[in-house]
Amino acid sequence: MKRKETTAKRTFSLQTKKALIAYSFLLIPVLFYLAIRIIPAFQAFLMSFTTSSSSAFTMDNYHKLINDEVFWKSVKNTILYVIIIVPLQMLFGLILALAIERMGGKLKWFYRIVFFLPYMTSIVAISWVWRLLYDPNSGILNEILVKLHLPTQEWLGSPSTALISISVVIIWQMMGFCMLLFTAGLQVIPRQYYEAADIDGASKWQTFWHITFPMLNPTIVFLAIIGVIQTLQTFTQIANLTGGSSGGGLGGPLNSTMSVVVYMYNEGFRQYNLHYAAASTVFLFILILIVTLIQFRTFNKSYKL
Amino acid sequence: MKKKKFSISKMIVNILLIIGIVAVSFPFVWMILSSVKSTADFYSFSFWPKSLDLSGYKYVFEKTDFTRWYFNSFIVAIVVTISNIIFCSLIGYTLAKFRFTGAKLIFLIILSTMMIPTEMLIIPWYVFSSDFQWVDTYWGLIFPGLMEAFGIFLMRQFMLSVPEDILDAARIDGMGEFKIWLRIAMPQVKPAISALAIITFLGNWNAYLWPVIVTNTAAMRTLPVGIAMYGTSDAGGIQWNTIMAMSSLTVIPMIIVFLIFQRQIVEGIALSGTKG
């Protein structure tokens, strides 16, 4: 009886000791994390409901936001970026992964490395290279069109083609990442499935739709979520492809490439309207939240089937 | 007959891949070619540089703070990477291997911050950076990245798979808890650490939005900010050969590093993608 008590006491003290160690490990990092990630998130909310002149609660920023045509234009553009970029980068990534999978040995690795290269390189530096390719005067794309006797394009200079031109750059850079994750997804599919399909005389197309595609579902879900969230936050490519004197300003021409983040940057750090810009980031946050929740729901369902 | 058909389809796949290779590598080739062209070559379009003109490179090194930007980028990326390796693995380890009140709550809070877009935090960061006069300092560039939710999540996932037995064995041997984490647990999750290191370094090396906001003077710029600022706000229009020289000097070393560590980098990014 007495002995039991002491062991109970000892395990209890051991547990408290371990808990104390855990707290001592976590104290400083968690406080720091709180200070740079969690408190600022609340501050952004608070700022969006106040103005620079008064700390009283107000909906002014949101009123202004909802009534600003440029803001809605940026929302529309951001959704367009997502619709254009995410499916295409995933499709190209999947095609590349499947095509490379059929190659042998050394060649396989070579292809993978080359297609992955754009993802590895600096977004800013690469955006400037593309800006040169697109340049109406010095760019090679128009030079090729002239050689082919086709009408030249304004590319980044025209509201009708600028958004697509930027999307191309992003797809070009991101498809290698998608390829890599699809390759990883393909490698964990058990070979027996394919052998069984082969014995049953399934065509390649059937094998793809009934084995490969369903088995890649977790990868597809992951890439879709990551892709949508990243694309909703697009800024760097737009800033570097359209900013400055010759491009007609950030998010131009005529706001045709302006995303929500570019809008936030313009309002917050060009006009120094920080409280108003905070309201636009709250909007972005809600957008990301909704998208994540929807995607988790719909994709999880299809995955279970 | 069947075999022949197969090889034809393989040939088509091969041709398509080669077209893809050209499309992917052409911008890089064009970047290097353009960096050694003279200004005249840009006005009257020419595919090859008419003569080797290194004035772009000369301008980069003599008239801009390019080497300083390189140094700044490197410092920021290295400090942030080391900090993430230490703190993310320490937090991840503690959350995975210790049972204590509040463990779940802390993990849940950290996980939920992954949904908060950085853009939302940037405005408050900027406000208190100006209050504390961190604008235009290294600390200002570095502090937001020191701990990332994704890294904590990744390390926790991997730390869960570290066998309890070896930790207990070390405890019986009288090893301190801090040492157990450092000497026993850390080596067990080496692939995760290198994955975390690669994505953190890459992410910070390429970061643009926060660095462009928090820096004012040319000397404090990071490489992406330096290139962007030179490209957009320089008077007298875009000097293509100089920008392409800057881009080449940024991109080529990255490609070389990538080719040297290709296996680790590819596997690291795949790992962080599949586990995360």
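First the proteins, then the strands, lettered A, B, ... as listed; each starts at 1.
- The two residues A/W128 and B/S247 have their closest heavy-atom pair at CB-OG, 4.3 Å.
- Contact annotation for B/M244: only side-chain heavy atoms (C-beta onward) come within less than 4.5 Å of a heavy atom of chain A.
- Here the CG-OG distance, from A/L274 to B/S130, works out to 8.0 Å after rounding to the nearest 0.5 Å.
- Of the atoms belonging to B/V257, not a single heavy atom falls under 4.5 Å from chain A.
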- Item | Verdict with supporting geometry, A/L26 and B/I91, side-chain contact (heavy atoms from CB on, under 4.5 Å) | CA-CA 6 Å; A/L26 288 181; B/I91 300 174; 3.8 Å; yes

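- Heavy-atom distances place the side chain of B/L202, and not its backbone, under 4.5 Å from chain A.
- Annotation for B/S34 and A/L132: closest pair OG-CD2, 3.4 Å, computed over non-hydrogen atoms.
- Proximity of a side-chain donor or acceptor of A/W109 to a complementary backbone N or O of B/R263 within less than 3.5 Å is not detected.
- With hydrogens and angles ignored, the 3.5 Å screen pairs a side-chain donor or acceptor of B/W125 with a backbone N or O of A/I36.
- With a 4.5 Å cut-off on side-chain heavy atoms, B/F100 and A/L20 do not count as touching.
- For chain A, the nearby part of B/L95 is the side chain; its heavy atoms alone come within less than 4.5 Å.
- The side-chain heavy atoms of A/M120 and B/M254, taken from C-beta on, include no pair separated by under 4.5 Å.
- Of the atoms belonging to B/F143, heavy atoms from both backbone and side chain fall under 4.5 Å from chain A.
- Looking at B/L259, the atoms closer than 4.5 Å to chain A (heavy atoms on both sides) all sit in the side chain, from C-beta outward.
- Using a 4.5 Å cut-off between heavy atoms, B/I213 touches chain A through its side chain atoms alone.
- Here the CG-CD1 distance, from A/L117 to B/I255, works out to 4.5 Å after rounding to the nearest 0.5 Å.
- Proximity to chain A is absent for every atom of B/W205, based on heavy atoms less than 4.5 angstrom apart.
- Interface remark: A/F42 contributes no atoms to any contact with chain B (heavy atom separation under 4.5 Å).
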- Going through the checks in order, is the side-chain contact (heavy atoms from CB on, under 4.5 Å) test met by B/F87 and A/F32? CA-CA 10 Å; B/F87 289 116; A/F32 184 76; over 6 Å; no

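- Heavy atoms closer than 4.5 Å to chain B are found in the side chain of A/A184, but not in its backbone.
- When all heavy atoms of A/P118 and B/F28 are compared, the closest pair comes out as CA-CZ, 4.1 Å.
- Contacts of B/I110 with chain A are made by both backbone and side-chain atoms, with heavy-atom separations under 4.5 Å.
- Using cut-offs of 30° and 60° for the angle between ring planes, the B/F178 and A/F25 rings count as perpendicular.
- Nearest heavy-atom pair, B/L17 versus A/F115, reported as atom, atom and distance to 0.1 Å: O-CZ, 3.6 Å.
- Neither the backbone nor the side chain of B/A207 comes within contact range of chain A, judged by heavy atoms closer than 4.5 Å.
- Of the two parts of B/T101, the backbone and the side chain both hold a non-hydrogen atom closer than 4.5 Å to a non-hydrogen atom of chain A.
- Here the closest non-hydrogen pair linking A/A44 and B/P124 is N-CG, 3.7 Å.
- One distance of note links CD1 of B/I122 with OG1 of A/T281; it measures 9.5 Å at 0.5 Å rounding.
- Atom CZ of A/F45 is separated from atom CE of B/M120 by 4.0 Å, given to the nearest 0.5 angstrom.
- In this structure, B/F258 and A/F116 have tilted ring planes: the angle between them lies in the 30° to 60° band.
- Checked for salt-bridge contact, B/E177 and A/K18 miss the test: no charged N lies under 4.0 Å from a carboxylate O.
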- Task: Determine, step by step, whether B/W240 and A/D135 satisfy the side-chain contact (heavy atoms from CB on, under 4.5 Å) criterion, reporting the C-alpha distance in whole Å, the side-chain angles of both residues, the deciding distance to 0.1 Å, and the verdict.
- Result: CA-CA 10 Å; B/W240 282 117; A/D135 195 90; 3.5 Å; yes

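- Proximity to chain A is absent for every atom of B/L223, based on heavy atoms less than 4.5 angstrom apart.
- Rounded to the nearest 0.5 angstrom, A/I39 CD1 and B/F128 CZ are separated by 8.5 Å.
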- Message: Is there a side-chain contact (heavy atoms from CB on, under 4.5 Å) between A/Q43 and B/V127? Walk through the geometry before answering.
- Response: CA-CA 10 Å; A/Q43 275 178 319; B/V127 171; over 6 Å; no

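- With a 4.5 angstrom heavy-atom cutoff, A/Y265 touches chain B only via side-chain atoms.
- Note that CD1 of B/I106 is 12.0 Å distant from OH of A/Y33, once rounded to the nearest 0.5 Å.
- No other option in A/L133, A/T292, A/I123 has as many heavy-atom pairs under 4.5 Å with chain B as A/L133.
- Using a 4.5 Å cut-off between heavy atoms, A/F283 makes no contact with chain B at all.
- Considering only heavy atoms from C-beta on, A/M47 comes within 4.5 Å of B/I123 through its side chain.
- What you find for A/M103 and B/N14 is that their closest heavy atoms are SD-OD1, 3.5 Å.
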